[in-house]
Asker: 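Quick one: this structure, given as structure tokens, is what I'll be asking you about.
Note that the structure is a prediction, hence the values are computed from the model and not measured. Quick note on labels: first sequence line is chain A, next is B, and so on, each numbered from 1.
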Amino acid sequence: MAQVTLNNIRKVYPNGNEAVEPLSFSIADGEFVVLVGPSGCGKSTLLRMVAGLEDISEGTLSIGDSNVNHVDPAERDIAMVFQNYALYPHMTVRKNIGYGLKNRKIPAAEIEKKVQEAAKMLNLTEYLERKPSQLSGGQRQRVAMGRAVVRDPALFLFDEPLSNLDAKLRHQMRIEIKALQRRLGVTSIYVTHDQVEAMTMADRIIVLNAGRIEQIGTPAEIYHRPASTFVASFMGAPPMNLIDAQVKDGRVVIDGDTPVADAQGTGAVTMGIRPEDVEIGPTCDMPFTIDIVEELGAHRLLHGKLAGQDFTIHIGKDVAAVAGPIRISINPDAVVLFDAETGVAL
Amino acid sequence: MDHAVLILGSLFLLVPLLMVLQTTTTPDLDTIKNGPQFVIGNRIDDNFMAAMFKASGFSGENTGMRMLMNSMILGIGFAVGKIVIGMMAAYALVYFRLRFATFAFWLIFTTLLLPLEVRILPSYEIAQKLGLLNTYTGLIVPLIASATATFFFRQYFRSIPEELVEAARIDGAGPVRFFIDILVPLSQTMIAAMFIIMFVYGWNQYLWPTMVTTDEDMYTLVRGIKQLTQDLEGTSIPQYGRANMLALIAILPPVLIVIFFQSWFVKGLTESDK
């Protein structure tokens, strides 16, 4: 169990490409932190630097109380779960799980005991004699988990572990991994590009873009109070609506004169509003044109135009809607304003 | 007639072998008088005994058994040596950040273009000065570095997922452990393929054994057969039956090796996840 601290960690490749700009954060003991961002945002590089698979160009990394910048991956007391499972294809499940312990010169009897425990925890007991090629995707993922769990490390690292699974299995494994982490209380860093995984699994989310931290916060903070238009559009499916607006006389107005919410200052802003923070009904104050209704069973998504700009509305299954003009109103408390130039939240 | 081409091809390959077999059953006098025939004679056991257990030289040591053993030692030593050296060279080239790795690889690779014959005189001189003539070491070691094996293992290692290497690093496997525990077992099929190729290649070596072995007890089969057809001792008729029998015996081990390893090879290729 350990706290992890990154202090001005930076990664520059020999070709001068800066994959990670200097960034700092710390992770509390037992915390589950998710690094999320689009491809090439530096999240995997960051994780690999924590793992020791990639050199740290600048800054210091500590796990527990010790600086581990120059410590070998095997000595960092970490375990890593890889995207492609990275199981040893020629070894049985038992050997795969026990291999790390064997290399640490742990007596065979103790390895066997620990492997049995891990296998029981992950429902793998009956597969111990099988080779990875004889297992399904979900089972392989569990073996990869077993290999991490059995070591009883201070830190778990997950590198997009679910992206090779189908949607249903992914959902199930998501819950299993989260439950396992809760039970073991091991500090975890989880890298994903899937914002649903980030939202559902994280204690805290770190949103990365182009090697920089866009925002650090709990899933609720990230979702409801995004720090930038990037975060607003990256997190949530469908993403937050971003509408060009003006601040005039202490109010946010769109389309010239329709006031939406109170605000300070003056000039052009970008207004963000989540699709579910919009109501529809004949008494509402703004006109809206529905182009397409997406039926999702439990709810519906209305795609259309608000003041000439793309806009999506999320409504319950009991509210009827067909393509055409309707009236909507926006919950003023849910409005987030961003600087129109920089995209940073005001 | 779907299989006409296949049948013709098989005949093309089999008929010479059958002719050799026929010769081993016929007295040498008939062979030299009548040429190839369809008659199967009764000399097969005599020729077999002569080929295997009768020495033909002066020292009485180059029996078929002795030459078979020498060829075995050469073939296996050659194949194992090439695989071990090729694997280790490829391991260094692929997994270690050596400054001149690419340059070293191309240097090794270009030697593929130079056959043994090009460097045979200097090689011979070195072997001679080191006192390696008429030793198994001299027979095997100068031929053991293999660009082919290094190349194949390098290509194979590069196809092994990077994540596997990283997982092993985190699991605490050092360079030697990784090589023995992960790389060697994963390369089984490649090793089998290389063993087939290199064993046959080593077994069929003619020029180098001819140069470095002058003692009759060091003769290999391939060079011994040649010796036999030139042997004019006792009779002026070349011993066709005996020589052809020895040729058949010389074919057998490579054929058996191919058959034995092929089943492995196919099994390895059809197993999923590789």
Side-chain angles (χ1 to χ4, degrees), chain A residues 14 44 47-48 50-55 71-92 95-106 111 130-137 140 143-144 146-148 150-151 153 155-161 164, chain B residues 83 87 90-91 94-103 152-153 155-195 261 263-274:
Chain A
S44 285
L47 189 79
R48 292 165 55 81
V50 176
L53 298 171
E54 201 89 61
D55 290 334
V71 177
D72 200 64
E75 312 293 319
R76 289 192 182 189
D77 202 10
I78 53 164
M80 186 156 172
V81 179
F82 294 88
Q83 180 175 358
N84 297 320
Y85 323 125
L87 301 178
Y88 310 119
H90 58 291
M91 294 187 192
T92 59
K95 287 192 175 148
N96 259 291
I97 296 178
Y99 187 61
L101 299 178
K102 193 181 142 214
N103 285 332
R104 282 173 178 75
K105 311 258 184 289
I106 290 170
I111 295 179
R130 294 212 195 164
K131 296 252 176 91
S133 57
Q134 296 162 302
L135 300 176
S136 70
R140 285 182 208 185
V143 177
R147 200 164 57 176
V150 80
R151 294 250 317 275
L155 177 62
F156 279 147
L157 302 173
F158 299 91
D159 189 6
E160 310 208 16
N164 281 6
Chain B
I83 287 169
M87 273 189 96
Y91 182 50
V94 175
Y95 289 104
F96 293 86
R97 272 178 231 155
L98 305 173
R99 275 182 72 193
F100 300 109
T102 314
F103 178 69
F152 276 102
F153 280 115
Q155 296 311 99
Y156 184 74
F157 290 167
R158 284 163 72 104
S159 75
I160 290 175
E162 188 70 11
E163 289 193 337
L164 215 54
V165 183
E166 293 174 347
R169 273 183 77 187
I170 290 177
D171 267 345
V176 177
R177 274 260 80 88
F178 176 71
F179 187 71
I180 294 169
D181 285 352
I182 314 281
L183 223 42
V184 172
L186 279 181
S187 308
Q188 264 179 19
T189 54
M190 200 64 196
I191 291 172
M194 280 294 126
F195 191 82
F261 273 102
S263 62
W264 252 47
F265 194 53
V266 172
K267 189 175 145 223
L269 289 182
T270 49
E271 247 173 25
S272 65
D273 214 41
K274 262 206 220 118

Asker: A:Met91 and B:Asp181: which non-hydrogen atoms are nearest, and at how many Å?
Answerer: CE-O, 4.0 Å
Asker: Identify the two heavy atoms, one from B:Ala173 and one from A:Tyr99, that lie closest to each other, and give their separation to 0.1 Å.
Answerer: CB-OH, 3.5 Å
Asker: Whether A:Lys102 and B:Asp171 form a salt bridge (side-chain N of Lys/Arg under 4.0 Å from carboxylate O of Asp/Glu) is what I want to check.
Answerer: no
Asker: Is a side-chain donor or acceptor of B:Glu166 paired with a backbone partner of A:Leu53 at a separation under 3.5 angstrom?
Answerer: no
Asker: Return the minimal non-hydrogen interatomic distance between A:Asn103 and B:Gly172, and the atom names on each side.
Answerer: CB-O, 3.6 Å
Asker: Using non-hydrogen atoms only, which part of A:Glu75 is less than 4.5 Å away from chain B: side chain, backbone, both, or neither?
Answerer: neither
Asker: Partners of B:Phe96 by ring pair (Phe, Tyr, Trp, His ring centres under 6.0 Å), sequence neighbours excluded?
Answerer: B:Tyr91
Asker: Quick check on the interface: out of A:Ala144, A:Gly100, A:Gly52, A:Ala51, who has the most heavy-atom pairs with chain B under 4.5 Å?
Answerer: A:Gly100
Asker: Which answer fits A:Arg76, side chain, backbone, both or neither, if we ask what part of it has an atom under 4.5 Å from a heavy atom of chain B?
Answerer: neither
Asker: Which atom names give the shortest non-hydrogen contact between A:Arg151 and B:Ile170, and what distance separates them?
Answerer: NH1-O, 3.4 Å
Asker: Please check if the number of heavy atoms outside B:Phe157 that lie under 6.0 Å from its CZ is greater than 12.
Answerer: yes
Asker: Can you sort out the partners of A:Asn96 under side chain to side chain donor-acceptor pair (under 3.5 Å), two or more places apart, ordered by chain and number?
Answerer: none
